[in-house]
Amino acid sequence: MNDGDDIVTASHEHPGALNKSSYASLYRRFMFLALICSALPLLLVGWVIYLNYSKFASSRMVDSFQRRVEYNRRIVELFLKERASDLQLLALTHSLAELGEPSNLERIFAVLKREDSYFEDLGFINESGMHVAYVGPYDLMDKDYSVTFWFKGLMGSTVYISDMFMGYRKTPHFIIAIRWLDGGKNWILRATVETEFLSSLIGGIKLGESGEVYLLNGEGLYQTNPRFGGKIMDRSPLPVATFSGESGVRILDAKEIAVDQAYPSQVVGYAWLKEPHWVLVVKQDYAEAFQDVNHANTLTLVFLHLSILAILVVAFITTKHMIKVIRKRDEEAEHLNRQLMQASKLASLGELAAGVAHEINNPLAIILTESQIVRDFTGDYPDLNSEFKAELAESLTQVDKQVHRCNDITYNLLRFARRSHAVTEWVDLNACLQEMIGLLEKRGKTKGVEFVTDLQGDLPRVLTDGSQLQQVFVNLAANAIDAHDGKPCGTIRVSTCTSETNQGVEISMADTGSGMPPEVLEKIFDPFFTTKPVGKGTGLGLSISYNIVKELDGVITVHSEVGKGTEFKIILPLRSSGHHHENEERIHGGNCDETGEDLAG
Amino acid sequence: MKQARILLVDDEVAFTSNMSKILSRRGYDVSSVNDGESAIKAIEDEEYDVVILDLRMPGMDGIATLRVMKTKRPLMEVIILTGHGSVESGIRGMNLGAFDYAMKPIQINELQEKIDEAVERRFVREGRGS
């Protein structure tokens, strides 16, 4: 209501209106509900989806690692098995003599290497661990293998594949050896596999920026050159104990990888070969492996939270708007309520006033008759002291005068109380206002107050009670003039226009007088409320005006600012609902102009 | 000119007695009663030219009294004089055949004018009637 400036209206403050804090709590409740009903479920669903998807994506990732590991293991196993088969084929297809002849063995080796140079060298070894024949770049003919670990290992089986070892040649290598019986003696074919070959077989698999594939033996030594941090036969930073079971995929965080260097979390897939006791490891940085998943997840989360933010913003705006609407409704309802209260207050006061007026009028009538009697009877005694007669006459005149004063008050009271119906006719309000200005112009001038008019030329005529309205105008104008007491000059702007809704006309009377504070504004339409000194006003003028306008189905409002002035606005319908045509002015002709002096200003 | 016979009907005794004195001094033949029933009885017993009738009285009120009076003495003029500001009752009174309507307190001169007008009409009617 108080829209930022100091303008107050008649409906400025009222006890029933919801105060600011209750709107704030209403606002909080709405926002809370919006949160509970929309944002929270969305958040829950979003997070559940996010977590489930993460789990799903992660298990997919693990599966893919598993498959990759299995695949690589099969490749390695197949490769080793084929190489052993190559040797076994040689043993089966060649006689001991053929194998024992070095030139022959060289030819056989050449055939073997024709397809692919897997083998570095080939040796035919007898039961006592000595070379019968040897083809290769090293001079190993005089070496005794009977004491080597692989020779011993081979005695328990027919095929032996060794771990990487340095051996006599002092470079990392591993061998494949087969043993068979011929002529009651054990014979052995031993081949060295090209060291680089195994590395290239699995090291060729590229896994992003951080991925690597390598083989470890049972002691955790590299069997192939790893892509990062180490070389063949070095100890792997991941202990062999990590690779429990036949195969698996594990996600290791930095702490689990017990090394001194800073190591990011890793996804590790592994599978143990059947022969030899090696483990194939596929390893990638966790961050990289889950990059796409994480990216998708981040997007989901960002989208989710943006959605919630959007909901909050929308909730915020709608709530604000709703509160505004509710507030406006409340204010309208309060305003209406107030008007109703005012009306009923006036009605009951009216009844009271009528009763009081009647009760006072009777004694007044008696007083008047008494004074008349005294006056009459003094006439019968012409010889009375003339001074006494003059004094008596003056007293009686005073009695009559005071009785009339009382009578004026009761008259106004009764006017106020009267619920009679208006005389309706088509009234030119502009003319009516001009008439009123003509009546009060002189009075205004003596106080330095000027009338300014802004009357709409084509103002429609209004079916209403002209004389009653005239009384209202005179009341308001008289008040407006009085409001300039204490100011050297001022203006009263009288304007008319067709009302906004086009359903009526609007009359405004704005003065530049002293204005009224809210506490006065609240009461100006109450009967007997006056700001004027005792005896100057009855406080009924505005009450009567209010009632008249109401009777004519109009609305009267007031805006006032202390020190700046007051504006009364009357909105009248084009047709007042005319009832009986009673002409009360005929009975109580004439003194409506005086009521104007009784008003608060 | 024949002396006009006036009947004052008002529950305020002070008012009727004062008014009797004042009007008598002005040459009217004035009687007064203080309630509706007595007023009816008075007009039955005697003939009056003008009745000055208060509207609000205990017991039989002014309007009821007026109604009865008008049936009994249709030619008798009645001036309603009341402290009550109700225009409706005034109008009703006029519709029931009252001659005029006045508010208390009323100046003697004003009342006298009304009485004289009423008396004049009464005499005119009586003259024609008889």
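Keep in mind that what you see is a predicted model, and the values were worked out from it rather than measured. Chain identifiers are assigned alphabetically (A, B, ...) following the order of the sequence lines, protein sequences preceding nucleic acid strands; residue numbering begins at 1 within each chain.
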Chemist: To the nearest 0.5 Å, tell me how far A/Ile366 CD1 sits from B/Asp10 CG.
Modeler: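 Rounded to the nearest 0.5 Å, the CD1-CG separation comes out at 7.5 Å.
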Chemist: Identify the residues of residues 21-40 of chain B whose heavy atoms come closer than 4.5 Å to a heavy atom of chain A, ordered by number, or report 'none'.
Modeler: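 At a heavy-atom separation under 4.5 Å, chain A is reached by B/Lys21, B/Ile22, B/Arg25, B/Arg26.
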Chemist: Given side chain to side chain contact (heavy atoms under 4.5 Å, CB included), test A/Leu364 with B/Lys104 step by step and report yes or no.
Modeler: CA-CA 8 Å; A/Leu364 284 181; B/Lys104 281 186 197 171; over 6 Å; no
Chemist: Which atoms form the tightest heavy-atom contact between A/Thr369 and B/Met19, and what is the distance?
Modeler: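 Closest approach of A/Thr369 to B/Met19, heavy atoms only: CG2-CE, 3.5 Å.
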Chemist: I need the A/Leu368 CG to B/Ile108 CD1 distance, nearest 0.5 Å.
Modeler: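 Atom-to-atom, A/Leu368:CG and B/Ile108:CD1 are 7.0 Å apart.
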Chemist: For B/Lys70, does the NZ atom sit with more than 12 other heavy atoms under 6.0 Å from it, leaving out its own atoms?
Modeler: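 Atom NZ in B/Lys70 is crowded, with more than 12 foreign heavy atoms closer than 6.0 Å.
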Chemist: Should we say atom NZ of A/Lys389 is surrounded by more than 12 heavy atoms from elsewhere, each under 6.0 Å from it?
Modeler: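 It does: A/Lys389 NZ has more than 12 such atoms within range.
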Chemist: Would one find more than 12 heavy atoms of other residues, nucleotides or ligands at under 6.0 Å from atom CD of B/Glu47?
Modeler: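 Yes.
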